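The chain is numbered in sequence order, starting from 1. Bear in mind the structure is a predicted one, so any value in this text is a computation, not a measurement.
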Amino acid sequence: MELSGLTRLRLRTVGIVVFAACAISPFFNYYTNEDPIQGTLQGVLDAFFIALILGGYVVFAKDALQKRYLRRFSFLQNLIIQSAIYLVLFLVVRSLGQFATTGSVARMLESFGDPHLRWAIPFFFSLAMLCEFGLMLNRMLGSNALRNFVMGTYHRPLEEERIFMFLDLEGSTRLAEELGAERFYGLLSRFVDDLTVPILDTRGEIYQYAGDEVVITWRKDRGAEEGACLRCFFMIRDRIARNASSYLAEFGTVPKFRAGVHGGTTIAGELGDIKREIVFVGDILNTAARLEEYAKTHALPLVVSGAVIGWSDLPRSMVLEHLGAFQPRGKSESIEIFRVDDSG
């Protein structure tokens, strides 16, 4: 059974947190316990419970807690709160390890006052903050961006075959006037949240936000496989439709959107000095943006270049309508474009 993109992301998070704790616990116990051998064995046992409890928190509770209660807090406040939660879970894990070793409830309760904790609490709180800072920074920069920076993937310009989708919220100016700035921001935030699962499930990445426009990108092989880059559009549409009643209740409207998709060769590299980011440069981005404008002008939901259609192994449910040749502004050559719909 194939895991969803969100599940894969959560499991990666679990892996980072659990690996850090499990790799360090035995060594920490060895050097800080009166009985190093016993401390090391206890650390291995604690690692099992760490995997069980911290993993369960990250998979089943962390995102829900973040969206419902913690979103209003700042980056630093969130960092401290989440780190404190990890520390509390660590203390619970440690007490369970003591119970598993001794079978004594009294010993489990006494473990919260062990002298050993004068070293363990500041150490694991610092470790939790370090792990959570990395996770939060990666989330702010974008999926895999922190890893790419650390590994130097794009430290030197790199040629890549990529697919880009420019996705735009329809009627945003009107909606901003009707809802007011604060409620419109809430609508846009909710809309972007609903993009997350389809993008992850099709192995895409959010490249950038530009006002009410979202730019999504796929590596060519990932985006073309079973028409993933196009399925993403319809998965977003279906997700918005399922949440229509909630949108109506909160904002009095259901967001509609359109998109243009194009692919080809791009140059990726790190750009900037005081603000450094990974950017993609090439004609394909301009063309994808022009296709989104074409979709807007002609009231079409999804316009796709012939290049992407030619690469993609499209599901049978997708219906193509050839729109002819299109010459993007500023280019001397035209491209074939298609309207794409999903009858499924």
Any [X] side-chain heavy atom under 4.5 Å of [Y] side chain:
X: Cys229; Y: Thr202; value: no
X: Ser95; Y: Met108; value: yes
X: Leu302; Y: Arg258; value: no
X: Leu320; Y: Leu314; value: yes
X: Glu213; Y: Tyr209; value: no

Contacts of type side chain to side chain contact (heavy atoms under 4.5 Å, CB included), residue [X], not counting sequence neighbours:
X: Val281; value: Val279
X: Glu333; value: none
X: Thr253; value: Leu175, Leu187, Phe251

Hey, what do you get for [atom1] ([X]) to [atom2] ([Y]), rounding to the nearest 0.5 Å?
X: Thr173; Y: Glu178; atom1: OG1; atom2: CD; answer: 11.0 Å
X: Arg339; Y: Leu300; atom1: CZ; atom2: CG; answer: 5.5 Å
X: Ile81; Y: Ser74; atom1: CD1; atom2: OG; answer: 8.0 Å

Which pair of non-hydrogen atoms, one from [X] and one from [Y], has the smallest distance, and what is that distance?
X: Ala288; Y: Phe166; answer: CB-CD1, 3.5 Å
X: Ala295; Y: Val303; answer: CB-CG2, 3.7 Å
X: Ile199; Y: Glu205; answer: CG2-N, 3.8 Å
X: Glu160; Y: Ala268; answer: OE1-CB, 4.3 Å
X: Tyr69; Y: Phe73; answer: O-CE1, 3.6 Å

Ignoring hydrogens and geometry, is there a side-chain-to-backbone donor-acceptor pair from Arg203 to Leu200 under 3.5 Å? no
Quick check against the 3.5 Å criterion: does Ser246 have a side-chain atom that pairs as donor or acceptor with the backbone of Asn243? no
What pairs meet the salt bridge (charged side-chain N to carboxylate O under 4.0 Å, His left out) rule with one or both residues in residues 95-108, with sequence neighbours excluded? Arg107-Asp114
Partners of [X] by salt bridge (charged side-chain N to carboxylate O under 4.0 Å, His left out), sequence neighbours excluded?
X: Arg290; value: Glu293
X: Arg316; value: none
X: Glu336; value: none
X: Arg231; value: none

Tell me, please, which residues at least two apart from Glu292 pass side-chain hydrogen bond (donor to acceptor under 3.5 Å, both in side chains). none
Note: Arg183-Glu250 ion pair, threshold 4.0 Å (strictly below): no
Before accepting this row, confirm whether a basic side-chain N of the pair Arg239/Asp201 lies closer than 4.0 Å to the acidic partner's carboxylate O. no
Side chain to side chain contact (heavy atoms under 4.5 Å, CB included) with Met165: which of Val308, Ile216, Val304? Ile216
Can you see whether Glu161 engages Thr265 through a side-chain donor-acceptor pair at a distance of less than 3.5 angstrom? yes
How is the hydrophobic cluster of Tyr185 composed, in terms of its other members, when Ile, Leu, Val, Met, Phe, Trp and Tyr link through side-chain heavy atoms under 4.5 Å apart, directly or indirectly? none
Joining Ile, Leu, Val, Met, Phe, Trp and Tyr whenever any side-chain heavy atoms lie under 4.5 Å apart, the cluster holding Met235 also takes in none
Give every residue pair that meets the ring-ring contact (aromatic ring centres under 6.0 Å, His included) criterion with at least one member in residues 257-300, sequence neighbours excluded. Phe164-Phe280, Phe191-Phe257, Tyr207-Phe280, Phe233-Phe257, Tyr294-His298, Tyr294-Phe326
